[in-house]
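To start, the structure itself, in structure tokens.
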There are 2 protein chains.
Amino acid sequence: MASDHTRSAILAAAERLYADRGFGDVTLRDIVAEANVNLAAVNYHFGSKDELIAELFVTRSIATNRERLRELKAAEEQGGGRAPIEVILRALVGPTLRGCLGPANQRSTAARFMIRASIESVPPIRRIKNREIDHLRKFAGAMRRALPERSEVDIYWGLNFALAMAHHTIRESERLTKLSEGKCDLDDVEDVVARVVSVATMALTAGKVEAKPRALARDAR
Amino acid sequence: MASDHTRSAILAAAERLYADRGFGDVTLRDIVAEANVNLAAVNYHFGSKDELIAELFVTRSIATNRERLRELKAAEEQGGGRAPIEVILRALVGPTLRGCLGPANQRSTAARFMIRASIESVPPIRRIKNREIDHLRKFAGAMRRALPERSEVDIYWGLNFALAMAHHTIRESERLTKLSEGKCDLDDVEDVVARVVSVATMALTAGKVEAKPRALARDAR
DNA sequence: GATAGTTTCATACAACTGTTTGAATTGCAA
DNA sequence: TTGCAATTCAAACAGTTGTATGAAACTATC
């Protein structure tokens, strides 16, 4: 077992480099140089480059998913098995947005890595993403419970659009800032979350008689 | 000038291969084999691999942009310089969705190539995408004219969300089909367009007194 | 039909990639 | 200390990549 120092030095260096420069032009030699370890160490500790990338991604990925499910479960328990749709959506997109947006200087390496992973989809990561469906199904279930009168198709479309707005905003945050000449403040994460949740909620409840007219959910939770 | 046959054979072969297998694992040697031309032909006719990719992308890209602007202009002229927001949004997302969705067997190579370009963002393509901002500004302008009482920030967010839903749906169409077990019909393109436009419209008009209560815009245009 | 310009071709190049090897070193238990 | 396994290391390997070269084959013009 030993110190494990080399192993974690590689992980840290790889995450940092991938976050900064993307998967495309970071080689194993760059990583080992940054980590101050020998080239062969990567294959010794991880087996292959792809397995290193996969380990980085799954680690961050299950952390996000756990956070999502924690919020969802708390909300459903509090509501006796049925949570308001806004809160479900917030549990879905909140952790990702909070992880990936916010002031750049205080954005964690982990967050920047996940942004990269979302922009440049590299094979080992794509393989893992495909297994995320089961996770999403749990949210679809919660949403169905929250909106029992809504058709399943509409639920899935709402889920799709919610993820769309969250991921696209992360992925294209730079362009949105430039396009809006800074008027859209991507650093105000809670505002972004509120906007996404609000629009997704409208998408899911439009054309229905609402139990109670809701505010924009800007200050929910 | 000569026949230009080699040049277009390379373009066609490259587009086909990139569309099918992605940028990641298609080499120049694959392309020239598919095109039945010599390896050196690519550098002779295009200068470099990146310039070949760029030419493919800009060609398809300006075609889409032209189509978008044509629809936008037609709508604004018909409305005396101000088009309804639904029509503007339809001009924004319609061409892309129509180009990239629909029954797979009748999906053009060009469309499949653009989907790839949207999934795997490779450097030469990323550079071009960054110049797309001017194009989007024209839509932001039209949207401002359509919704003069709306704040600029809201306009940009609405634009962002509209693009988000369209692009994400294209990019993750496979996953949405799987997640919904086929219940979401991605082949019914006009339904997808209507859904995106409808949600984006709600995002842009919510909280305002609407001139007239609108239907879901499913049959607009 | 010679000439000049364009295009094709086989081949080589140079660089870089992830991975493997086998010896050296380290750390720890007996 | 001795012995053994785990780890590190320098070096090489094998493969692939995009690109360059210079001769050959065309093509059209005069």
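So that the names make sense, note that chain A is the first sequence line, chain B the second, and so on, each numbered from 1.
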At a heavy-atom distance below 4.0 Å, what parts of residues 36-52 of chain A sit against DNA chain D?
A:Asn38, A:Ala40, A:Tyr44, A:His45
Rounding to an integer number of Å, can you tell me how far B:Ile53 CD1 sits from D:dT17 P?
13 Å
With sequence neighbours excluded, residues passing salt bridge (Lys or Arg N to Asp or Glu O under 4.0 Å) with A:Arg144
A:Glu152
Interatomic distance where NE2 belongs to A:His5 and C1' belongs to D:dT7 [whole Å]:
13 Å
Any ion pair linking B:Arg145 and B:Glu76 (charged N to carboxylate O, less than 4.0 Å)?
yes
Taking 4.0 angstrom as the limit, do A:Glu34 and A:Arg21 come out as a salt bridge?
no
Find the distance A:Asp25:CG to C:dC16:P and express it as a whole number of Å.
13 Å
Figure out the CZ/C1' separation between B:Arg29 and C:dC9, and round it to whole Å.
14 Å
Lys/Arg-Asp/Glu bridge criterion (N-O < 4.0 Å) met for A:Glu15, A:Arg60:
yes
Can you tell me the distance, in whole Å, between the CG atom of B:Asp4 and the P atom of D:dA28?
13 Å
To the nearest angstrom, the CG-C1' distance between B:Leu28 and D:dT17 comes to 8 Å
By side chain to side chain contact (heavy atoms under 4.5 Å, CB included), which residues pair with B:Glu172, not counting sequence neighbours?
B:His168, B:Arg175
If the cut-off is 4.0 Å, is A:Thr6 near the phosphate of D:dT8, judged by side-chain N/O to OP1 or OP2?
yes
Measure the distance from CD1 on A:Ile31 to P on C:dT19 and round it to the nearest whole Å.
11 Å
Please check: side-chain N/O of A:Ser118 versus main-chain N/O of A:Met114, any donor-acceptor pairing under 3.5 Å?
no
